[in-house]
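Written below as C-alpha cells is the structure these notes are about.
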Amino acid sequence: MLLELFQKAYISALFGFISRETGLRRFRETLFYVARKNGKSTMLSGIALYMLIADREPGAEVYSVASKRDQARIIFDEVLNMVKQSPDLLQVVKKRKADLYFDLTFSKMQPLGKNSDTLDGLNSHLVIMDELHSIKDRNLYEVMKQSQSARRQPLLIMITTAGTVRECIFDDMYKYACGVCDGTITDETFLPIMYELDEKKEWADPMAWEKANPGLNRIKKLDDLIGKVERAKNSPRDLTGILVKDFNIIQSVQTAWLTFDDINNTETFDITRFRGSYAIGGADLSITTDLTCSTLLLMDKQEKRYITQMYWLPAENFETRVRDEKIPYDKWYEAGLLRLCSGNSINYSDVTAWFLEMVNDFELTPAWIYYDSYSAKYWVEEMENYGFRMVRCIQGAKTLSLPMQMLGADLQAKKINYNNNPLLKWCITNTGIQEDRNGNIVPVKCQSPKYRIDGLASLLDAYVGLYEHFNEFKDLAVV
C-alpha cells in the first residue's frame, strides 16, 4: 500500500515521538477525525498489523471496537485481507474462529461490539474505536481504556466522521481534541488530527473540500462528491448526510426540513388590511436563553395565510448575547421585530400585552391561542382572565406531524406571507426534522445550539389550530 502524505504525517507523528530515557512512545491516545472514504480503515488495518506483529509487545491484544460488531469487523476483515495477500504474513498469522493469532508472541486481534460478553478482563495493547460518533455513552470507551493500564506503551485510536447524536462520547472527545489543538488543554499523550471545514457555507465551495478530505481525487473520487453536493443543493434531506459524513460539519439531526428556496418569500402585507378579522394564535414561551415568540395567523378568502409575530429576550444580558453569539438581535430589536423584558428572564405579562395590543389597536380577534404548556401555567391563567381561549398544544409527533407537513407544503407553495420577517426566516432555516419509523415528524434544531427555532415552534402551534379548525376558520375569513 502506498501511503498518501496525510497518512505518512499521521503515522510519523503517532509513532515518531519517543522518550530518550525509556524508548517508549509519547502518544497513547489519538483522535483521527476525517470525512468518509479517505482510506482511514485501510490505514488503520496496517497499523493494527504492525501492533500485532512488530511492536515487541508479548501477548499483545489488538481490538477493533464499535457500537456494533459488524462495524468492528470492517477493520478486522481488512487486516485479514492484507494477510491473505502476503505470503510472508500467511506463514505467521493464523485465522482462528474468532480472531487472528500471531503465535511468535502469543498475540491476537479480535473485533468487539459494545455488547460483547468479553469486554471484562481484557489486557489491550491497541484499541481502535471505529465511528466514535455512533457510540452513545462513555462506558465502552472507559472499559477499553482501563483495559490498557497494564501495558508499557498502549495505544487507543479513535477514528470517526462527525455525527448527529449529541451529548455523547463523541462530543466530549471532539471538545477535548479541539482544546488540545488550541492549547487550552495540556495533554502530552493525546494526538488530535482534525480534518473539517472551517465554516458550514464552505460545503458548496470545491476549493475548500480538501480541508475535510485530504485524500480527495486520489483515494476519494471527486466526481462522486460533486454529484452528491449537486443533489444536496436541491434535496434538504440529503444535505445533513453530506455535511456530516463528507465535510465533518457537526449536526444535531439526521434530516433537514426545507431548502432556503422553499422558505424564502419576500412578499409583504399591511396588517391594517385585516382590521376586524379573526386569527389563530400560537405561543412558544421560554425563560432565559431561548426566544419567546407569539404568532397570529390570518387567512383571506383565497385561503392564503398571513403571519405576524413578536419575539422577546431578557434585557439584562442582551448586549452580551449580541456580542458573543454574533446573531443580529440588536438589528431585529431596532426594526421592531423583537422586544426586551426587564431583568434576566421573560416577563410573560409582556406577551399578554402584545396580544391585547393586537386586539385593541388592530381589532384582531384570536379565536384560539395554541400554546406549549412548558412553564405556561400562570400566563395561561392571566390570558384566560382577559377572555382569550387558550388551547394546550402537546409537543409530540401525534400532535405536530400532520400540521408540520401542511406548513412545509404551504411554505413551498408560497402560500404563506410572513411579511418577509427575517427573524422567522432564520428560525425556519435552523429547523430540521426528527422522523420516527412511522414517518411522523417533529421539529428539532439542525444548527449550532446558539441558533433558535422558537419562531417556527410558535407558528407551528398556530398551524395545529388551523389543522384542527380549518373549515370553521375558513368561514371566519372576511378579507
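For the residue pair Lys445 / Asn430, no side-chain donor-acceptor distance below 3.5 Å is found, with atom types taken as modelled. Side-chain contact of Tyr176 with Asp187: a donor-acceptor pair under 3.5 Å is present, judged by distance alone. Side-chain contact of Asp172 with Tyr141: a donor-acceptor pair under 3.5 Å is absent, judged by distance alone.
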ask   = Going through the distances and angles, do Lys233 and Glu230 end up as a salt bridge (Lys or Arg N to Asp or Glu O under 4.0 Å)?
value = CA-CA 5 Å; Lys233 288 179 179 178; Glu230 289 304 313; 3.2 Å; yes
task = Would you please test Leu400 and Leu460 for side-chain contact (heavy atoms from CB on, under 4.5 Å) and show each step?
result = CA-CA 8 Å; Leu400 299 180; Leu460 183 55; 4.0 Å; yes
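When side chains are defined from C-beta on, Leu156 counts as touching Gln148, because their heavy atoms get closer than 4.5 Å. Using a 4.5 Å heavy-atom cutoff, the side chains of Phe27 and Ile18 are not in contact.
Side chain of Ser86 to backbone of Met82: no donor-acceptor contact under 3.5 angstrom is found. Here the side chain of Thr30 pairs no donor or acceptor atom with the backbone of Pro192 at under 3.5 angstrom.
A ring-centre distance under 6.0 Å is not found for Tyr311 and Trp332. Residues Tyr10 and Phe32 place their aromatic rings such that the two centres sit under 6.0 Å apart.
Relative ring orientation between Trp426 and Tyr329 is described as perpendicular, the plane-to-plane angle rising above 60° on a 0-90° scale split at 30° and 60°.
In this structure, Lys211 does not pair ionically with Glu196, as no charged nitrogen and carboxylate oxygen lie closer than 4.0 Å.
Applying the 6.0 Å contact sphere to OH of Tyr333 captures no more than 12 heavy atoms from other residues, nucleotides or ligands.
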